[in-house]
Number of protein chains: 2
Amino acid sequence: MSRPREFDMDAALEGAMDIFWRQGFAATNLPDLLTAMGLTRGSFYKAFTDKETAYLKALDFYDQAVVSTTVETLASCKTDTASACLAQLFAPSPEPRRGCFICNAMVELAPVNHRVAVKANRMSRRLRGAIEARILQHRPAADPDWSAAAADMILHLYFGHQAMGKSEDLPGGWPGKLANLLGETAARP
Amino acid sequence: MSRPREFDMDAALEGAMDIFWRQGFAATNLPDLLTAMGLTRGSFYKAFTDKETAYLKALDFYDQAVVSTTVETLASCKTDTASACLAQLFAPSPEPRRGCFICNAMVELAPVNHRVAVKANRMSRRLRGAIEARILQHRPAADPDWSAAAADMILHLYFGHQAMGKSEDLPGGWPGKLANLLGETAARP
DNA sequence: GTTGTTTTGTACTGATCGGTTCCTAATTGC
DNA sequence: GCAATTAGGAACCGATCAGTACAAAACAAC
């Protein structure tokens with residue numbers, strides 16, 4: 001029916017994700033957002049109704065694009081140990097100081113926006129599930145309580161790492177640290 | 001030097017810390033801030049020059065009021081194990097969804113404001129130092145590399161916990177988790 | 001082509017933003 | 001007392017905010 005939209009929805013969402021991820025919700029104004037999405041006001045408001053809706057769709061896009069990739073990477077890596085695989089979560093990002101969109105959203109908006117909180121929590125759980133699956137893959141006989149707690153800890157470490165990484169360069173050594181945490185190495189002194 | 005200021009500087013700074021802590025920098029407008037500080041525009045701009053300066057002073061106040069208290073609490077608690085003491089860092093907050101001001105500042109502003117980053121990093125290091133001191137207090141003979149790595153992990157866990165806690169209620173069990181991490185319990189299955 | 005429908009771009013809106021001006025009130029030093 | 005100085009308060013400022021109105025343009029159905 002009638003005139004089709006000219007812009008590419010995925011490209012626009014990727015642009016929105018990018019700018020919100022980097023700048024947050026409140027610090028991103030409409031001109032910034034429109035430039036990042038490659039849209040003018042007219043098309044933007046026709047397709048997204050308002051800035052909050054665009055943010056929520058950007059979160060969904062992150063889920064589908066970034067979180068899914070991470071989950072698949074964790075599921076398919078060919079390392080001998082769980083720690084070596086999970087250490088990827090702590091590898092330096094190609095773009096520094098950007099952190100993780102989930103973490104940014106949790107800190108900036110989740111307390112005052114329930115829909116953001118729900119989406120952030122759902123993505124957190126996806127990550128946690130992928131982490132736990134990876135742990136169980138290497139220790140199929142592990143106590144379920146222990147593997148759940150370990151996955152929880154690593155998810156906490158991940159978000160802490162993302163938060164601190166927005167403020168300074170962090171030291172590496174994560175394969176070893178995670179190996180200790182997961183009991184892959186001998187007991188400490 | 002003429003007329004003395006009427007307002008109490010510490011009370012004003014505490015108000016500023018409170019509102020910035022809860023709402024962040026960008027989401028706090030001047031009327032909000034003035035109400036929280038108990039000031040009118042005239043006094044505010046006379047004493048703080050601008051919103052950013054007020055935010056930086058609020059961070060300093062947090063350092064002096066909250067971080068110092070935490071550091072002292074960690075140094076003086078009378079527990080048998082380091083884990084029991086450090087578990088206080090993960091206790092539920094009296095005011096939920098507020099998180100930790102350092103973590104909020106790191107995520108919202110550190111990437112684009114160097115002075116915020118410097119202050120956040122300094123406070124992080126203070127916390128880390130207190131954590132490590134507590135670990136060494138219970139294991140004076142520990143390998144320094146190990147205790148440093150353990151303190152680092154717990155600091156990461158702390159910030160991750162604060163970030164996730166802004167989005168949902170988190171399960172407890174931290175004394176046990178930390179005991180495992182610090183090797184206070186028997187090896188896992 | 002004509003009609004109907006939807007997208008697009010621009011001009012515009014009222015509200016709110018952080019910050020300034022400026023006058024009055026209160027205090028100190030003399 | 002008086003002069004000098006600073007705090008406090010309210011009115012005001014241009015800039016910018018998110019969002020709207022509307023006309024022109026592009027397509028589909030016929």
Side-chain angles (χ1 to χ4, degrees), chain A residues 1-61 104-105 108-109 112-116, chain B residues 1-61 104-105 108-109 112-116:
Chain A
M1 359 160 116
S2 71
R3 182 176 179 180
R5 84 161 40 110
E6 283 176 14
F7 70 88
D8 180 75
M9 176 58 85
D10 270 11
L13 285 174
E14 187 178 345
M17 173 186 77
D18 213 61
I19 194 86
F20 281 135
W21 186 355
R22 215 171 309 130
Q23 306 189 352
F25 179 79
T28 300
N29 60 17
L30 233 71
D32 284 352
L33 181 57
L34 296 175
T35 302
M37 300 179 77
L39 301 182
T40 58
R41 272 180 141 79
S43 320
F44 173 81
Y45 278 104
K46 186 107 351 196
F48 297 96
T49 72
D50 64 6
K51 189 181 158 187
E52 186 197 342
T53 304
Y55 185 88
L56 292 167
K57 296 218 167 143
L59 274 180
D60 286 338
F61 189 85
N104 299 353
E108 184 191 1
L109 285 180
V112 295
N113 187 318
H114 184 248
R115 307 206 291 193
V116 170
Chain B
M1 354 155 131
S2 70
R3 180 176 178 182
R5 79 161 43 109
E6 283 174 15
F7 70 88
D8 180 77
M9 177 58 86
D10 270 12
L13 284 174
E14 186 178 345
M17 174 187 76
D18 214 61
I19 195 85
F20 280 136
W21 186 356
R22 214 169 315 125
Q23 305 189 353
F25 179 79
T28 300
N29 60 17
L30 231 65
D32 285 351
L33 181 56
L34 296 175
T35 302
M37 300 179 77
L39 301 181
T40 57
R41 275 180 139 78
S43 322
F44 173 81
Y45 278 104
K46 188 112 356 198
F48 297 95
T49 72
D50 64 6
K51 189 181 159 188
E52 186 197 342
T53 305
Y55 185 87
L56 292 167
K57 296 217 167 144
L59 274 180
D60 287 338
F61 189 86
N104 299 353
E108 185 192 0
L109 286 180
V112 294
N113 188 318
H114 184 248
R115 306 206 292 193
V116 170

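Lettering of chains follows the sequences in order, A, B, ..., and the numbering in each one begins at 1. Keep in mind the model is a prediction, meaning the values are calculated, not measured.
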Novice: Write down the distance between CZ (B:F7) and P (C:dA25), rounded to a whole number of angstrom.
Specialist: 21 Å
Novice: Specify the separation, in whole Å, of atom CG of B:L30 and atom C1' of D:dG9.
Specialist: 14 Å
Novice: Grab the CG-P distance between B:L39 and D:dA10 for me, whole Å please.
Specialist: 13 Å
Novice: Pick base, sugar-phosphate or nothing for B:T49, based on heavy-atom distances below 4.0 Å to the nucleic acid.
Specialist: nothing
Novice: Nearest heavy atom decides the nucleotide; on that basis, is B:E6 or B:K46 closer to the 5' end of DNA chain C?
Specialist: B:K46
Novice: Kindly point out which of D:dG19, C:dT27, D:dC17 is positioned nearest to the side chain of B:S2?
Specialist: C:dT27
Novice: Is there a donor and acceptor pair closer than 3.5 Å between the side chain of A:R41 and the base of D:dG19?
Specialist: yes
Novice: Quick one: A:N29 CG to D:dG19 P, roughly how many Å, whole number?
Specialist: 12 Å
Novice: Just how far is it from atom CD1 of A:I19 to atom OG1 of A:T35, taken to the nearest 0.5 Å?
Specialist: 8.0 Å
Novice: Would you compute the distance between atom CG of B:L39 and atom NZ of B:K46 and round it to the nearest 0.5 angstrom?
Specialist: 13.0 Å
Novice: Answer with yes or no whether B:R5 presents, from its side chain, a donor or acceptor under 3.5 Å of a partner atom in the base of D:dG8.
Specialist: no
Novice: Can you identify which nucleotide, out of D:dT20, C:dG19, D:dT6, has its nearest atom closest to the A:Y45 side chain?
Specialist: D:dT20
Novice: Roughly how many Å is it from CG in A:L34 to P in C:dT8, rounded to a whole number?
Specialist: 13 Å
Novice: What is the separation between atom OH on B:Y55 and atom P on C:dG18, rounded to the nearest whole Å?
Specialist: 15 Å
Novice: Tell me: CG of B:D32 to C1' of C:dC17, nearest whole Å?
Specialist: 12 Å
Novice: Measuring from atom CZ of A:F20 to atom CG of A:N104, what distance do you get when rounded to the nearest 0.5 angstrom?
Specialist: 12.5 Å
Novice: Quick check: any donor-acceptor pair below 3.5 Å linking the side-chain of B:R3 to the base of D:dG8?
Specialist: no
Novice: With heavy-atom distances below 4.5 Å as the criterion, would you say the side chains of B:T40 and B:L34 are in contact?
Specialist: no
Novice: Using the ring of each side chain (for Trp, its six-membered ring), is B:F25 parallel, tilted or perpendicular to B:Y55, with breaks at 30° and 60°?
Specialist: perpendicular
Novice: Between D:dG8 atom P and B:F48 atom CZ, what is the distance in whole Å?
Specialist: 11 Å
